[in-house]
Amino acid sequence: MLMGYKIYATETFKTLYSSLEKDEQRWIDKIKKNLEEYPTGKILKYSWFREKKYENKRLYYLIDEEKKNILFVSFASKKEQQKIIDFVTLNMKELLKYLKSLG
């Protein structure tokens, strides 16, 4: 059997997740299962930075192909997309270092 991907979440994401609607949480759980087997998603600026679309919102995550880790960073509206892209770009070193340290 193929080694699947391990999914992690930032503390910010965990807090955000608990405040979401039930249907949004269910969708994220479903995506999580899919990503564990096969990480896909629209590439944002870098191959390791992806998003998945749910209605008018997006799930943002980072992928470490080498260690097979995925880090959920945010779930927000399309309106906030640029802010999240900027945040990830600005904190890229720390985020990737954190991602590599997991598991």
Side-chain angles (χ1 to χ4, degrees):
M1 194 179 128
L2 276 169
M3 248 299 282
Y5 280 72
K6 276 191 107 93
I7 312 257
Y8 300 91
T10 60
E11 289 307 314
T12 314
F13 183 86
K14 289 175 191 168
T15 307
L16 177 70
Y17 178 86
S18 57
S19 70
L20 296 173
E21 302 288 323
K22 284 283 172 253
D23 60 331
E24 292 174 331
Q25 288 183 354
R26 266 194 302 274
W27 178 81
I28 289 173
D29 294 341
K30 196 183 91 186
I31 291 300
K32 189 175 169 180
K33 283 211 178 351
N34 294 345
L35 289 174
E36 281 169 354
E37 288 166 36
Y38 189 70
T40 58
K42 182 175 178 240
I43 294 174
L44 299 171
K45 217 168 177 184
Y46 306 99
S47 61
W48 46 262
F49 184 26
R50 310 273 175 99
E51 71 171 16
K52 283 272 191 196
K53 194 173 160 207
Y54 177 75
E55 290 171 3
N56 67 334
K57 292 192 171 175
R58 308 281 187 283
L59 170 66
Y60 301 93
Y61 53 96
L62 312 179
I63 299 176
D64 178 357
E65 298 284 352
E66 210 178 302
K67 293 190 83 176
K68 295 209 178 308
N69 286 341
I70 293 175
L71 180 66
F72 284 177
V73 285
S74 194
F75 182 69
S77 68
K78 173 80 175 146
K79 239 183 24 234
E80 296 170 87
Q81 185 184 47
Q82 196 53 55
K83 207 163 61 180
I84 291 162
I85 291 172
D86 293 345
F87 172 82
V88 168
T89 305
L90 200 65
N91 298 281
M92 178 163 74
K93 280 194 177 88
E94 292 83 1
L95 286 165
L96 289 171
K97 193 173 153 189
Y98 178 65
L99 180 57
K100 286 217 179 291
S101 75
L102 298 167

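The side chain to side chain contact (heavy atoms under 4.5 Å, CB included) check on Q82 picks up I85, D86, with sequence neighbours excluded. Listed by chain and residue number, Q25, R26 satisfy the side chain to side chain contact (heavy atoms under 4.5 Å, CB included) test with K22 (two or more places apart in sequence, or in another chain). For Y46, the ring-ring contact (aromatic ring centres under 6.0 Å, His included) test picks out W48, with sequence neighbours left out. Y17 meets the ring-ring contact (aromatic ring centres under 6.0 Å, His included) test with no other residue; sequence neighbours excluded. For Q81, the side chain to side chain donor-acceptor pair (under 3.5 Å) partners two or more places apart in sequence, or in a different chain, are E51, K78. For the side chain to side chain donor-acceptor pair (under 3.5 Å) test, no residue two or more places apart in sequence or in another chain qualifies with E66. Applying the ring-ring contact (aromatic ring centres under 6.0 Å, His included) criterion to F13, with sequence neighbours excluded, gives F72. With sequence neighbours left out, K45 forms a side chain to side chain donor-acceptor pair (under 3.5 Å) with no residue at all. Partners of K14 under the side chain to side chain contact (heavy atoms under 4.5 Å, CB included) rule, at least two apart in sequence or in another chain, are A9, E11. Take A76 and apply the side chain to side chain contact (heavy atoms under 4.5 Å, CB included) test, not counting sequence neighbours, and it matches Y60, S74, E80, I84. With sequence neighbours left out, Y98 forms a side chain to side chain donor-acceptor pair (under 3.5 Å) with no residue at all.
The salt bridge (Lys or Arg N to Asp or Glu O under 4.0 Å) contacts involving residues 29-40 comprise nothing, where partners must be two or more places apart or lie in separate chains.
Here the side chains of L102 and K67 are not in contact, with every heavy-atom distance at 4.5 Å or above.
Linking ILVMFWY side-chain heavy atoms closer than 4.5 Å, directly or via other members, places F87 and F49 in a single hydrophobic cluster. By the rule that hydrophobic residues join a cluster once side-chain heavy atoms approach within less than 4.5 Å of another member, L44 and L71 end up as members of one cluster.
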